[in-house]
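Read the structure below first, then the notes.
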Amino acid sequence: MNKHQQLSQLLRRQIIQSQFRPGEKLPSIRSLSQQTKVSKNTVISAYMTLEDEGLIEPHNRSGFIVRNTQPVVTSNEVPVPREVRLGATALSVIRAASDLDGVALGSAHPAVQFPACRKFYRILAQEAHSFANDSKVGGHYTDPSGHLPLRQLLARRMCLQGDTLSADEVIVTNGTMEAISLALQSVSSAGDIIVVEKPAYYGSLNCIEALGMKVLEIPCHQGTGMDLELLRKALLQWPVKAILVNPTFNNPMGFSMPASNRLQLLQIAATYDLPIIEDDTFGELYFGKSREPTLKQFDQDGRVIYCNSLSKTLHSDIRLGWAASGRYFDQMTYMKYVSSLASPGILQFAVARFLAGNQYERHLRRVRRHYNVARDDIIKAIYRYWPKQISISQPAGGFLLWCTLPAHVDGDKLYQQAKVMGINITPGSLLSCNKSFKHCIRLNFATWQNNLMFVDAMKELGRLIAYAIESPSYSGHS
Ligand SMILES: Cc1ncc(COP(=O)(O)O)c(C=O)c1O
């Protein structure tokens, strides 16, 4: 065996034994050559061998990181439709997150300390002043599909990102949640089967449950999202009514579906003439150079209902979202009218004024940088304070981290114990309908701070997890 083969074998073993973990930076070429007393070329050859094997990938042009080779969460069995029975568990987790004074790593709330958030509320106050003092302003219901100038601004923003979209298909909603609910009600009815990702955002699962529909959960790959082969097989067997996906910086897994898979998904949907509901809630929060393409961008025949909001980019309390409803505009507008008549005019006026300026773009650039740094910080804390047996996602955007613990660890119990310590996390069991992810937890790093409180919280979580790993009586299987 020559020197570079010996070195690549050593590194391979270290990666497999988790001495270097997914996302962790490998030593620089110079330092590894000094440490191992081989030439830089030998180190480069060893790294290139591991890159070819898919174990590592180049990072920031200056080095390599370990790739996330977490096993695909899948089996070859064709999934069967199921009723969702999450009930009010997710609601109680959201309530606990909003009550908590401690360390908020649970519910997916963004950081809100930025000037743009204050600016938005100043504009809202000015709008309130106009509404209070001029009876001509806001003296009637707004159009159920939304305030036209706002719809135009939203359509223009999406066009700048590469969509071809007119304000005529935009509907203003109370957050992405309402957009998803209206979309589901517009394309399907109680008893129908909806394809979802496994795992999936619990709000969508709860919505499907409340509407009396069933889910067909298609397992997701950590790197590429929904397993499209399994989807194809499942569609041969089950009479599905719609596909609901969160393909960009997915909640909870963090993956972004590659463009080629997006195209395939659209082709599959076209074969069965199915609508796709695209939840793009985290799409703006990319850490790379540009936005990921949306499914909507590739949509030729109006089958994609695109849903988004300002909840993750600005403030989740603003409750302003929208749907680009494609060919379902009339049904969705009707559903909006019968469910809430219209979104509050005052809010829509304020958001339109806010989006008309250039502060939102500046703000987005700022929060992307902020979340990128926060991601690296929380990952460092995990590597430092948590047991090695945990594997974590490496999101390239958004602010959620998906942590897979050894199979016997009970994430629900961990959630309860952390809550007692004043630390809020999200138990993985909420993110599928049969608790398949009970050994997982989800962390929100948007509000991460490099201070004693957060570091202590990570140490505490590390201790709880270590205890759970070592003590079989702790597990859900005891
Ligand atoms: C993937 C995803 N979709 C939708 C929502 C709901 O968003 P909104 O607050 O805009 O209703 C959330 C909130 O966490 C989410 O994570």
Side-chain angles (χ1 to χ4, degrees), residues 86 90-91 93-98 104-112 117 120 146 154 170-184 194 196-210 215 217 220 225-226 243-257 276-286 292 294-296 305-324 336 339-340 343-344 347-348 351 371 393 395 397-402 424-428 430-432 437 442-447:
L86 286 181
L91 194 58
V93 169
I94 292 178
R95 282 206 180 114
S98 61
L105 298 168
S107 184
H109 188 60
V112 293
C117 301
F120 171 76
L154 292 169
V170 175
I171 299 171
V172 177
T173 61
N174 297 326
T176 307
M177 194 70 240
E178 192 191 32
I180 291 171
S181 170
L182 298 177
L184 284 166
I194 311 296
V196 295
E197 289 145 333
K198 181 181 182 179
Y201 165 55
Y202 51 76
S204 297
L205 294 178
N206 262 149
C207 185
I208 291 171
E209 177 178 12
V215 289
E217 295 179 293
C220 285
M226 187 177 273
I243 300 174
L244 167 57
V245 279
N246 176 212
T248 309
F249 315 131
N250 168 273
N251 175 1
M253 285 177 104
F255 61 73
S256 227
M257 198 181 222
I276 300 181
I277 303 170
E278 177 178 21
D279 175 350
D280 193 33
T281 303
F282 291 92
E284 289 277 18
L285 298 177
Y286 49 88
E292 298 285 327
T294 60
L295 286 167
K296 185 80 186 160
I305 304 176
Y306 172 93
C307 306
N308 203 344
S309 73
L310 299 183
S311 294
K312 309 301 170 190
T313 52
L314 195 61
H315 202 304
S316 47
D317 237 14
I318 295 176
R319 307 309 307 140
L320 193 122
W322 66 96
K336 171 74 189 176
S339 59
S340 60
S343 291
L347 195 63
Q348 298 192 59
V351 172
Y371 295 145
S393 58
F399 48 72
L400 300 175
L401 204 67
W402 184 235
N424 194 256
I425 60 175
T426 297
L430 287 185
L431 293 126
S432 98
F437 300 97
R442 193 196 71 185
L443 299 184
N444 170 14
F445 54 82
T447 48

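Because the structure is a prediction, the values reported are computed rather than measured. Every number for a ligand or one of its atoms is a count from 1 in the order of the listing.
For T173, the side chain to side chain contact (heavy atoms under 4.5 Å, CB included) partners at least two apart in sequence or on another chain are I171, E178, A179, L182. Here F282 pairs with F399 under the ring pair (Phe, Tyr, Trp, His ring centres under 6.0 Å) rule; sequence neighbours left out. A search for side chain to side chain contact (heavy atoms under 4.5 Å, CB included) contacts involving S311 returns S309, S316, R319, not counting sequence neighbours.
N444 places a side-chain N or O within donor-acceptor distance of the main-chain N or O of H109, the cut-off being under 3.5 Å. In this structure, the side chain of E197 engages the main chain of N246 through a donor-acceptor pair within 3.5 Å.
The shortest side-chain heavy-atom distance between S432 and F437 falls under the 4.5 Å cut-off.
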Find all protein N or O atoms under 3.5 angstrom from an N or O atom of ligand 1 and list the pairs with distances, or write 'none'.
unit_1: ligand 1; atom_1: 3 (N); unit_2: D279; atom_2: OD1; d: 3.4
unit_1: ligand 1; atom_1: 3 (N); unit_2: D279; atom_2: OD2; d: 2.5
unit_1: ligand 1; atom_1: 3 (N); unit_2: T281; atom_2: OG1; d: 3.3
unit_1: ligand 1; atom_1: 9 (O); unit_2: S311; atom_2: OG; d: 2.8
unit_1: ligand 1; atom_1: 9 (O); unit_2: R319; atom_2: NH1; d: 2.8
unit_1: ligand 1; atom_1: 10 (O); unit_2: T176; atom_2: N; d: 2.7
unit_1: ligand 1; atom_1: 10 (O); unit_2: T176; atom_2: OG1; d: 3.3
unit_1: ligand 1; atom_1: 10 (O); unit_2: S309; atom_2: OG; d: 2.7
unit_1: ligand 1; atom_1: 10 (O); unit_2: S311; atom_2: OG; d: 2.8
unit_1: ligand 1; atom_1: 11 (O); unit_2: T176; atom_2: N; d: 3.2
unit_1: ligand 1; atom_1: 11 (O); unit_2: M177; atom_2: N; d: 2.9
unit_1: ligand 1; atom_1: 11 (O); unit_2: R319; atom_2: NH2; d: 2.8
unit_1: ligand 1; atom_1: 14 (O); unit_2: K312; atom_2: NZ; d: 2.6
unit_1: ligand 1; atom_1: 16 (O); unit_2: N251; atom_2: ND2; d: 2.8

